[in-house]
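See below for the structure under consideration.
We're numbering straight along the sequence, starting at 1. Below, all heavy atoms of this structure are taken into account, side chains as well, without hydrogens, waters or symmetry copies.
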Amino acid sequence: MTDAVNYTTSPRKTEYMMTWDYPQPYTLKLTPASSDIDGLQHTNNAVYVQWCEVIGWAHSEQLGLSLNNYQELNRAMAIRHAEYDYLLPSVLGDKLILGTWIVASDGKLNMERRFQLIREADQAIIMRGKWDLVCIEISTGKPKRMPPEFCDIYLPAIVK
């Protein structure tokens, strides 16, 4: 993963002008490092997946739920299904902004998170992603209803 990761807790003016799929993304600024580049001389697709995990956790923590909270509650939002559309390559040194949103939840078991990666220089959309998440009991790995703490924090964060 990249060494050049900076977190942004609120979009800056220039990020508002970008073509985001949803309003007010939680963002992460990224610049691919040499270790992120594969034999085709572009950012390896697996790196995008790692970046999505990083921003997903950062967004959750910013909202008020950390890994420690998950462990204390014996609940977690686990990825049931993931999709990534790799639209354009990025290369060493590209300045990128990854945005994420929670876009849906039934308030019981399921939640949906979306991702979008944009290259700053030309505003090109590099990647879009989607996670279908399910609430599980950590100790058993079985689906369990979201605790009130999850509903109190995640449901108000859903982008309409």
Side-chain angles (χ1 to χ4, degrees), residues 1-2 5 7-9 11 15 18-30 32 35-40 42-90 94 96-119 123-160:
M1 247 177 0
T2 185
V5 175
Y7 295 97
T8 306
T9 57
E15 291 167 26
M18 292 183 167
T19 307
W20 293 109
D21 292 339
Y22 299 91
Q24 299 181 327
Y26 178 84
T27 60
L28 175 67
K29 289 187 167 246
L30 302 155
S35 60
D36 297 327
I37 305 302
D38 64 18
L40 300 176
H42 64 249
T43 308
N44 188 284
N45 293 358
V47 172
Y48 297 146
V49 173
Q50 292 172 339
W51 288 346
C52 288
E53 182 180 0
V54 168
I55 196 172
W57 274 116
H59 185 220
S60 184
E61 289 175 5
Q62 186 265 334
L63 291 171
L65 285 170
S66 68
L67 180 58
N68 287 338
N69 298 127
Y70 275 31
Q71 292 167 338
E72 290 168 4
L73 295 166
N74 193 28
R75 295 289 189 282
M77 297 307 299
I79 301 169
R80 180 184 53 207
H81 178 79
E83 294 178 21
Y84 301 95
D85 293 320
Y86 304 104
L87 305 170
L88 293 170
S90 65
D94 273 347
L96 308 171
I97 300 178
L98 180 60
T100 191
W101 308 261
I102 298 171
V103 299
S105 177
D106 62 7
K108 298 174 187 171
L109 288 174
N110 301 300
M111 191 165 74
E112 182 180 331
R113 180 179 284 284
R114 296 286 179 117
F115 304 93
Q116 186 177 358
L117 183 64
I118 295 178
R119 184 171 43 229
Q123 310 295 299
I125 299 170
I126 303 296
M127 183 271 307
R128 284 190 172 97
K130 172 186 167 187
W131 286 354
D132 293 327
L133 301 149
V134 63
C135 187
I136 62 165
E137 184 177 56
I138 295 171
S139 60
T140 66
K142 293 181 180 179
K144 285 285 186 183
R145 190 176 183 96
M146 288 182 200
E149 294 87 344
F150 280 28
C151 293
D152 291 348
I153 289 175
Y154 287 136
L155 297 183
I158 294 173
V159 175
K160 308 275 188 237

| query | Would you say W20's side chain and G99's backbone share a donor-acceptor pair under 3.5 angstrom? | reply | no
| field | Shortest non-hydrogen contact from G64 toward N69 | value | O-OD1, 3.4 Å
| query | About how many Å separate CG of N110 and CE of M77, when rounded to the nearest 0.5 Å? | reply | 7.0 Å
| said: Donor-acceptor check, side chain of N74 to backbone of S139, threshold 3.5 angstrom: yes or no? | reply: yes
| request: Show the numbers, then the answer: is there a salt bridge (Lys or Arg N to Asp or Glu O under 4.0 Å) between R114 and D21? | output: CA-CA 9 Å; R114 296 286 179 117; D21 292 339; over 6 Å; no
| query | Taking atom CD1 of I55 and atom OG1 of T100, what is their separation to the nearest 0.5 Å? | reply | 5.5 Å
| field | Gap separating the CZ atom of R113 from the NE2 atom of H59, nearest 0.5 angstrom | value | 5.5 Å
| task | Would you give the length of the straight line joining atom CZ of R119 to atom CD1 of I97, rounded to the nearest 0.5 angstrom? | result | 12.5 Å
| With a 4.5 Å heavy-atom cut-off, do R145 and R75 have their side chains touching? | no
| query | Rounded to the nearest 0.5 Å, what separation is found between the CG atom of L109 and the CE atom of M146? | reply | 7.0 Å
| query | Which atoms form the tightest heavy-atom contact between I37 and P32, and what is the distance? | reply | CD1-CB, 4.2 Å
| field | Over all atoms of both residues, closest heavy-atom pair of P23 and V159 | value | CD-CG1, 3.5 Å
| request: Just say parallel, tilted or perpendicular for the rings of W57 and Y70, cut-offs at 30° and 60°. | output: tilted
| Value rounded to 0.5 Å, distance of CE in M111 from CG in D132 | 10.5 Å
| note | In terms of heavy-atom contacts, T19 and I118 come closest through O-CD1, 3.7 Å
| Residue list, side-chain hydrogen bond (donor to acceptor under 3.5 Å, both in side chains) with W131, at least two apart or on another chain | Y84
